[in-house]
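First up is the structure itself, then whatever we jot down about it.
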Amino acid sequence: MSVAFPDRLLPGLPYPLGASSDGLGVNFAVFSANATRMDLCLFDPSGKRELKRITLPECTDEVWHGYLPGAAPGLVYGFRVHGPYEPTKGHRFNPNKLLLDPYARRLVGQVRWTDALYGYRLHSARADLSFDRRDSAAAMPKAMVTDDAFVWEHDRLPQVPWNKTVIYEAHVRGISKMREDLLPHERGTFAALSDPAFIDHLLRLGVTTLELMPVHAFLQDSFLIERGLSNYWGYSTLAYFAPEPSYMSTGDPNELRMAVRRLHSAGIEVILDVVYNHTSCGSELGPTMSFRGLDNASYFRLLPGQERYHINDTGCGNTLNLSHPRVLQMVLDSLRYWAQSFHIDGFRFDLGSTLGREPHGFDPGSGFFDALLQDPVLSRLKLISEPWDIGPGGYQLGNHPARFGEWNDKFRDDMRKFWKGDEAMRGGFAQRMLGSAELFEHNRRKPWASVNFIASHDGFTLRDLVSYNGKHNEANGENNNDGHNDNASYNWGAEGETDDPDIQATRACVQRSMLASTLLAQGTPMLLAGDEFHRSQGGNNNAYCQDNEISWINWEQARSPEGAALTAFVGRVTAIRRDFEVLRASYFLHGSQMVADGLPDVAWFDEAAQPVSSEDWNNPVARAITLQLAGKRLEPHKQLSSRLHDAANAAGADGPGEAQEVPPDVLMIFVNAGHEPIEFNFPRTEGEYFLLLDCAQPTGMPEEEGSQTRVDGSATVQVQAHTLQVFANRPLHLSSAIYPLAANEWIQRNEWGERA
């Protein structure tokens, strides 16, 4: 059926940017400060045939705009932009290249790699100073006008407090691609995130927040396709407002909205890993797909005096110019769109130091940070930064604004080295267990600002940390030259998988101890998906291009006895974290506050219960230490209500009664990173203690819990090599299986109080 379009557009409005339907037509608005003309190109529904080309009639405040009467959601379109082609001055306009709307909310078609995508002649002796006249439309995806209506009634953001947050980092495709219990077309898509079995798994782990690796539409880079690989991780954004098409099982963006709503119903937050530091178009030698052709000199940071070249603080060929108000507006509009249209609970910013760069360098008072933190919508969400990039002064751990959490790679490195057995690591272990105060205790920041992790998508999995001395990235096709060389890993006697039971037992102990350290430390713990059941990538520590079983999570491992035991172990440790508020302190612990007579909030001892001296901290071979924590007792909701009710009744019968003093919680964490079992003494010998966790046990506790779980404070306890034990002056109030609920029977509450 033919479609009749007018020869001219009405003037329309310069706001909002992008394509907006009002029910009677569609308004188009696109920023370009240096263009001389902009054409709207309309396509058939498949995006294969251009039907009409109409010039946008108005430009207001550097925004080109026009209104198409009668148009509706489903319309497919792109832009061609006229202007100077002067690369030495930073201008690379080429109307022969079809451009994607920066505000596109849905894509039609995929990039088909061809020389026509480049604004210059690829093989010309003049390189990017030459000019290519071929039409790129056939090779380009197009934008589709959308209707974002969705029924969010009764959805409520979980708003989990920072100090109660447990993050689970996952890849949309990898988390479910091998789930044979799902329909084939749902595997590896947003639809799988709604699956009750997956949500129940998160609940049993004690996870409060699901962090998804990039879901913005991203580019499949040509150099990877040529090697038979793909951009699996997705850190190459093509469209900041559009969900990745391959993650939608039916092509409907509402799949993600449904997943978010169902996760919210279970009390689980969803945060997105976002990439606003660079775009997918690479350096000045890259293709012309959107930003470069719209206004290269505005969207990117260019080398002063040599504007032909891009500044590359990201290592990806270009750096977005967030010092420009319109570029900054686009990023904030994108964040706000995901927060409001998809009910996203927060964001993790890839290469966050780049976002804080001004012309003079990194600045915690940069325009981006200032704009973000004053925004009435975005400032209330969880904000996490990866606090580094490769540019000058790019390592900025601890220097971000107070509202941010920051990925703490010092926690990762020190914990790995400590449990690996490196010398002189007791001090580093102690700093990381107490929230890295030397990095974050300023500007009234809280311990939660330190996002603690042992493993993330970038590097070894937890299992590979204890299985490989070196990386094994041969499958990436770069002769094993890519990826980090210094991983602080150790194979404990054999490279890779082994049948040796002693090596297997040691590896399992070290894994449990590293997980326990992450979940018991002050700060915000983060788990890598699959680490809870021994997921391996075969020693690949840079699987960014492996869209296959190297990266996909094998859920058969979760059902194995070993996998089920480790999953139960994680659930028990998160239960301990929830039940003991002192593990989630609201201030940095230094031992300066007294919880009771002779009982500071934190104290360190050696295995003989003697305070650690300054000389002992520097002992290169000492690998045993005791951490004593003390704080107010967190009572279960119903127990607290009952006690208050009883107190009120007593006061009514006998007059005002005396409040019964609740004894403080006291935790003892005995740590043995050495190679032999060690006897530990309790620093406080009065009373009795309950064993809460033993990393020598597969599930964290003996299979038969009995009298051996309760010991007198005057006794000694033996801690096995490469493990830790946790004792407390009271038993655990919460079960390790916090949510023993059948699928689709989640209740509207969490473990810290009843929900309406």
Side-chain angles (χ1 to χ4, degrees), residues 397-398 408-442 445 447 449-450 452-454 486 488 490 509-510 513-514 516-523 525 582-583 585 587-595 598-631 666-685 693 695 716-727:
L397 178 63
N408 188 350
D409 65 325
K410 289 188 180 296
F411 181 96
R412 175 197 65 194
D413 296 345
D414 285 354
M415 283 298 178
R416 290 182 179 185
K417 292 174 183 178
F418 177 78
W419 287 110
K420 174 172 168 278
D422 285 5
E423 293 186 351
M425 289 306 301
R426 275 210 300 192
F429 173 82
Q431 286 178 304
R432 305 310 152 221
M433 287 298 295
L434 295 185
S436 301
E438 83 284 4
L439 296 170
F440 296 103
E441 193 178 15
H442 58 84
R445 301 186 80 174
S450 176
N452 302 328
F453 62 101
I454 285 289
D486 184 9
Y490 186 50
C509 282
V510 176
S513 295
M514 288 195 288
S517 300
T518 303
L519 292 166
L520 297 175
Q522 303 294 319
V582 69
L583 294 170
Y587 64 95
F588 287 95
L589 306 177
H590 295 291
S592 56
Q593 295 196 28
M594 304 303 292
V595 177
L599 182 63
D601 52 14
V602 64
W604 294 94
F605 303 91
D606 62 17
E607 63 271 28
Q610 298 300 309
V612 180
S613 66
S614 58
E615 293 80 10
D616 291 335
W617 281 119
N618 297 317
N619 185 334
V621 296
R623 295 186 177 91
I625 197 166
T626 298
L627 169 58
Q628 175 186 285
L629 295 168
V666 179
L667 279 175
M668 300 290 180
I669 303 178
F670 298 138
V671 181
N672 176 16
H675 301 296
E676 301 293 337
I678 294 179
E679 298 284 341
F680 280 78
N681 294 321
F682 286 88
R684 296 177 62 84
T685 58
L693 187 75
C695 289
T716 61
V717 296
Q718 186 179 77
V719 181
Q720 297 301 314
H722 315 299
T723 70
L724 63 81
Q725 290 182 5
V726 180
F727 286 86

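Remember, predicted model here, so these are calculated numbers, not experimental data.
- The closest side-chain heavy-atom distance from Leu397 to Asp409 is below 4.5 Å.
- Panel note: side chain Asn672, backbone Glu676; a donor-acceptor pair is recorded below 3.5 Å.
- Here the shortest heavy-atom pairing between Ser450 and Gly435 reads CB-O, 3.8 Å.
- A donor-acceptor contact shorter than 3.5 Å is absent between the side chain of His675 and the backbone of Gly421.
- Partners of Gln718 by side-chain hydrogen bond (donor to acceptor under 3.5 Å, both in side chains), not counting sequence neighbours, listed by chain and number: Glu679, Gln720.
- Looking only at side-chain heavy atoms (C-beta outward), Phe411 and Leu439 stay at 4.5 Å or farther from each other.
- Atom CG of Asn619 sits about 10.5 Å away from atom CG of Asp606, to the nearest 0.5 Å.
- Distance CG/Asp414 to CG/Asn452: 11.0 Å, rounded to 0.5 Å.
- Among residues two or more places apart in sequence or in another chain, the side-chain hydrogen bond (donor to acceptor under 3.5 Å, both in side chains) test is passed with Arg412 by none.
- Annotation: side chain of Thr723 is not in contact with side chain of Phe670 (no heavy-atom distance under 4.5 Å).
- The nearest pair of heavy atoms linking Ser592 to Asp601 is N-OD1, 3.9 Å.
- A donor-acceptor distance shorter than 3.5 angstrom exists from the side chain of Arg445 to the backbone of Gly398, with no hydrogens or angles considered.
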* To do: Just do the side chain to side chain contact (heavy atoms under 4.5 Å, CB included) check on Arg426 and Val612 with the steps written out, would you?
  => CA-CA 10 Å; Arg426 275 210 300 192; Val612 180; 4.3 Å; yes

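- Residues Phe680 and Phe605 form no side-chain contact, since every pair of their non-hydrogen atoms from C-beta on lies 4.5 Å or further apart.
- Distance check, rounded to the nearest 0.5 Å: CG of Leu629 to CG of Leu599 gives 10.0 Å.
- Using a cutoff of 4.0 Å between basic side-chain nitrogens and carboxylate oxygens, Lys417 and Glu423 are not scored as salt-bridged.
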* Asked: Trp604 and Leu434: side chain to side chain contact (heavy atoms under 4.5 Å, CB included), yes or no, with the steps?
  -> CA-CA 11 Å; Trp604 294 94; Leu434 295 185; 3.6 Å; yes

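- Counting only heavy atoms from C-beta outward, the side chains of Met668 and Arg684 approach each other to under 4.5 Å.
- Minimum heavy-atom separation, Val582 to Ala630: CG2-O, 3.4 Å.
- Within the model, atoms OG1 of Thr518 and CD1 of Ile454 stand 4.0 Å from one another, a figure rounded to the nearest 0.5 Å.
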* Step by step, would you call Arg623 with Glu607 a salt bridge (charged side-chain N to carboxylate O under 4.0 Å, His left out)? -> CA-CA 10 Å; Arg623 295 186 177 91; Glu607 63 271 28; over 6 Å; no

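- Closest approach of Gly523 to Pro525, counting heavy atoms only: O-CD, 3.5 Å.
- With a 4.5 Å cut-off on side-chain heavy atoms, His590 and Glu441 count as touching.
- Using a distance-only test at 3.5 Å, with no hydrogens or angles considered, no donor-acceptor pair links the side chain of Gln522 to the main chain of Tyr587.
- In this structure, Arg432 and Ser436 approach most closely via the heavy-atom pair NH1-OG, 2.9 Å.
- The structure places CH2 of Trp617 at 3.5 Å from CD1 of Ile625, a figure rounded to the nearest 0.5 Å.
- Looking at Ser513, its side chain does come within 3.5 Å of a backbone N or O of His722 through a donor-acceptor pair.
- Ser517 and Trp419 get closest at one heavy-atom pair: OG-NE1, 3.0 Å.
- Residues Leu667 and Val726 form a side-chain contact, since some pair of their non-hydrogen atoms from C-beta on lies under 4.5 Å apart.
- Between Met415 atom CE and Phe453 atom CZ the span is 12.5 Å, to the nearest 0.5 Å.
- Contact check for Asn681 versus Thr626: no side-chain heavy atoms found under the 4.5 Å cut-off.
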* For the pair Tyr490 and Val510, evaluate side chain to side chain contact (heavy atoms under 4.5 Å, CB included) and give the outcome as yes or no after the intermediate values. => CA-CA 10 Å; Tyr490 186 50; Val510 176; over 6 Å; no

